[in-house]
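As the structure is a computational prediction, the values presented were derived from the model and not from experiment. Naming convention: chains lettered A, B, ... in sequence-line order (proteins, then strands); numbering from 1 in each chain.
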Amino acid sequence: MNFQLLDTLRQIKPVVLNISNFVTVQDVANGLSALGASPIMSEESAETEDIVQISQAIQLNFGAFTTEQVAHIKKTGQLGNQYQLPVVVDPVAVSSINYRHQIIPQLLQEFHADIIRGNTSEIATLGGFSWQAKGIDSADGKGDRRFIAMQTAQKYHCIIIMSGATDIITNGTAVTQITNGTPLLQVHVGSGDLLSSISAAFAAVSPHNLYQAAQMAALVVAVSGELAAQQQSTLGPGTFTAALLDELANINIQDLQQTAHYQTQEENNAATN
Amino acid sequence: MNFQLLDTLRQIKPVVLNISNFVTVQDVANGLSALGASPIMSEESAETEDIVQISQAIQLNFGAFTTEQVAHIKKTGQLGNQYQLPVVVDPVAVSSINYRHQIIPQLLQEFHADIIRGNTSEIATLGGFSWQAKGIDSADGKGDRRFIAMQTAQKYHCIIIMSGATDIITNGTAVTQITNGTPLLQVHVGSGDLLSSISAAFAAVSPHNLYQAAQMAALVVAVSGELAAQQQSTLGPGTFTAALLDELANINIQDLQQTAHYQTQEENNAATN
Amino acid sequence: MNFQLLDTLRQIKPVVLNISNFVTVQDVANGLSALGASPIMSEESAETEDIVQISQAIQLNFGAFTTEQVAHIKKTGQLGNQYQLPVVVDPVAVSSINYRHQIIPQLLQEFHADIIRGNTSEIATLGGFSWQAKGIDSADGKGDRRFIAMQTAQKYHCIIIMSGATDIITNGTAVTQITNGTPLLQVHVGSGDLLSSISAAFAAVSPHNLYQAAQMAALVVAVSGELAAQQQSTLGPGTFTAALLDELANINIQDLQQTAHYQTQEENNAATN
């Protein structure tokens, strides 16, 4: 785990282009800004290439999924590949809405996603697992989720961040499991979208080691959430959201060192487990 | 008043499909999630039927009112009727913008709204009252508002929630008046939209008694607001918003029993008053 | 500086029509409402004239910049001119995105902007300065920024509000510099958009002296931000946002008198400096 990336991010202040989810766009912009990155949001294809040229990473959130937005996502993803920027994808609701289940796997053939961030059922669906039958959502913390994440990473040749009470990050062979966090991250609607965008911000400052970028993104959000939830005994989801943004701004390497709970498995071990 | 619906909602965690107001969508999603429901927002007609099939109730907010969105609202409302889901409508600005005054009554002929939630002037406009001439907005708490709400409920064969310092809920004959609340609910822009969505969430868990669902939705929002406003002497609209979300998550039946101020009139009495 | 405008605004509660930035629309609506104005947002051209007729001022934010939105901005600006409403423009990213650099100066030929609010690089770009070469962003607080603001005001025959650690307000000859504020205003993504909308609200209640309106808008936001940042020692950008809305609701003329730090230069002096 390369904690130093946090300071690097704040020095570089990377510009992150977001095709954003209209439900959570304000929180995501403020979260990126709080952490120290520079968010740009756009809905106009005609300016996409201009914005890609001033960006260091791209986050494509599939919560915005009109026909025009799908075309915009495709164009932005392809430009991201062309300009060799890290591209992060958040396949919102691919597991629960049939329409997206049809479209999203096709879309992921049109450009390469470097990091895919989703919950267990979204990642399982992309990986081709019949997760609903097996009730994978309830298998939290067991071996199944890790296997599914690794297989999906291998299928898409990318880094997978599978969010949950335990976050699983994998490049298809090595695996990191992070157990920091708080249930309030699940109640706050924008937490997953925020993690996807923060993954892009870390990818911007670690473009040649996206696995480390994904590790740090998940850890920073999980630890920030955990510290935010500790601030008040009567905390609810409203004050938590404000406290989470505060923590994203104030968290430092020492906080991470003192609070982080995770385990990593190297490639050889992981491959045989 | 069926307080038990609060616990039922949290057990069932109903999926509520929202055609949402772009101004307040984030707050509404977080409010539904804080209370214990599962919000889904979408702007793409092609996926509407898929989403309707996994939803338990629908909320159509007319704050989003482009030509495409009006078509989307119509389709979603009709699918809601077809799949026998409760449909809640929020006729934003029908009273103040001529264009909406023309379109919205037509739109309400295209599908059946089970619950309509608006402020006094919006409900009066739908009911065909020349409210501006009579200055109904200032008649708060007097008999006029109750009469208008009842007449509008009869006209549309639906439940009316007329928001204000006193909330009026009626099925056209029975009437409930709730006097809980705080002026900060009016300052916070998303309060009305949130109440509309929470009405859909309660309708999902009380589909055969929508009057009880509407009562509980209005009471839960009013009491949550009142309790949130009591937390700090220097509270303003920013900290209030966070405190309101906290209360929506933390409120329980005992809180409602201790704090609720309302009166109900049964059908026979109401019909003659 | 006409502090009395704050009380006037709260008495009149002006209706401000916003073509808003989808990233920050919720914060802007809540900020206008907290201060005491009445926000209206719309994305449908067919209702624009109806809304203009019930509005007292218009704010056009170029953060929403799809082809349809540009057409909507143009129509709304022209209607604002026709109905003699103050029109405030926020030229988001005109300095950093080539596409907008091409479109925005043309758009500003199609209608008259009474007030333009931007950061240093945005205003410099509109004024035709090759600011990037000169690194104007780092010239904060020096004479250059004031000169650029005055030249741009003269070029567009409008009031300029150039935001920064020092806000510069000018009508092309007279200049006001405000040094209140807090760095947290820069971290909070919606601060600039909010200032633009609040400028429209003050313009609505001071239509014949837009320079005074712009002064007061910048002062109220800067002082509210400064007071919000003083409330807690551990304040971060999340709790700051809530505290800022609280201050916008609670700030009064006495607060402004006690906290305001600004200097004004009259026309004769300014013209020769």
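With values rounded to the nearest 0.5 angstrom, C:Ser96 atom OG is found 10.0 Å from A:Asp50 atom CG. Taking CD from A:Gln53 and CG from C:Asn98, the interatomic distance works out to 7.5 Å, rounded to the nearest 0.5 Å. The CD atom of A:Glu44 sits 9.0 Å away from atom CZ of C:Arg100, with the distance rounded to the nearest 0.5 Å.
Listed for the A:Asn30 side chain is no donor-acceptor partner under 3.5 Å among the backbone atoms of C:Pro237. Checking side-chain atoms of A:Gln26 against main-chain N and O of C:Asp27 turns up a donor-acceptor pair under 3.5 Å. Checked by atom type and distance alone, the side chain of A:Asp246 pairs as donor or acceptor with a backbone atom of C:Gly238 at under 3.5 Å. Looking at A:Ser33, its side chain never comes within 3.5 Å of a backbone N or O of C:His188 through a donor-acceptor pair.
For chain A, the nearby part of C:Val25 is the backbone; its heavy atoms alone come within less than 4.5 Å. Contacts between A:Ser45 and chain C at a heavy-atom distance below 4.5 Å are absent for every atom of the residue.
Around atom NZ of C:Lys75, more than 12 heavy atoms belonging to other residues, nucleotides or ligands sit under 6.0 Å away. For A:Gln84, the CD atom counts as loosely surrounded, since its 6.0 Å shell holds 12 or fewer non-hydrogen atoms of other residues, nucleotides or ligands.
By number of non-hydrogen pairs under 4.5 angstrom with chain A, the leading residue of C:Phe65, C:Tyr99, C:Phe240 is C:Tyr99.
Contact between C:Phe22 and A:Glu43 at its shortest, heavy atoms only, is CZ-CG, 3.6 Å.
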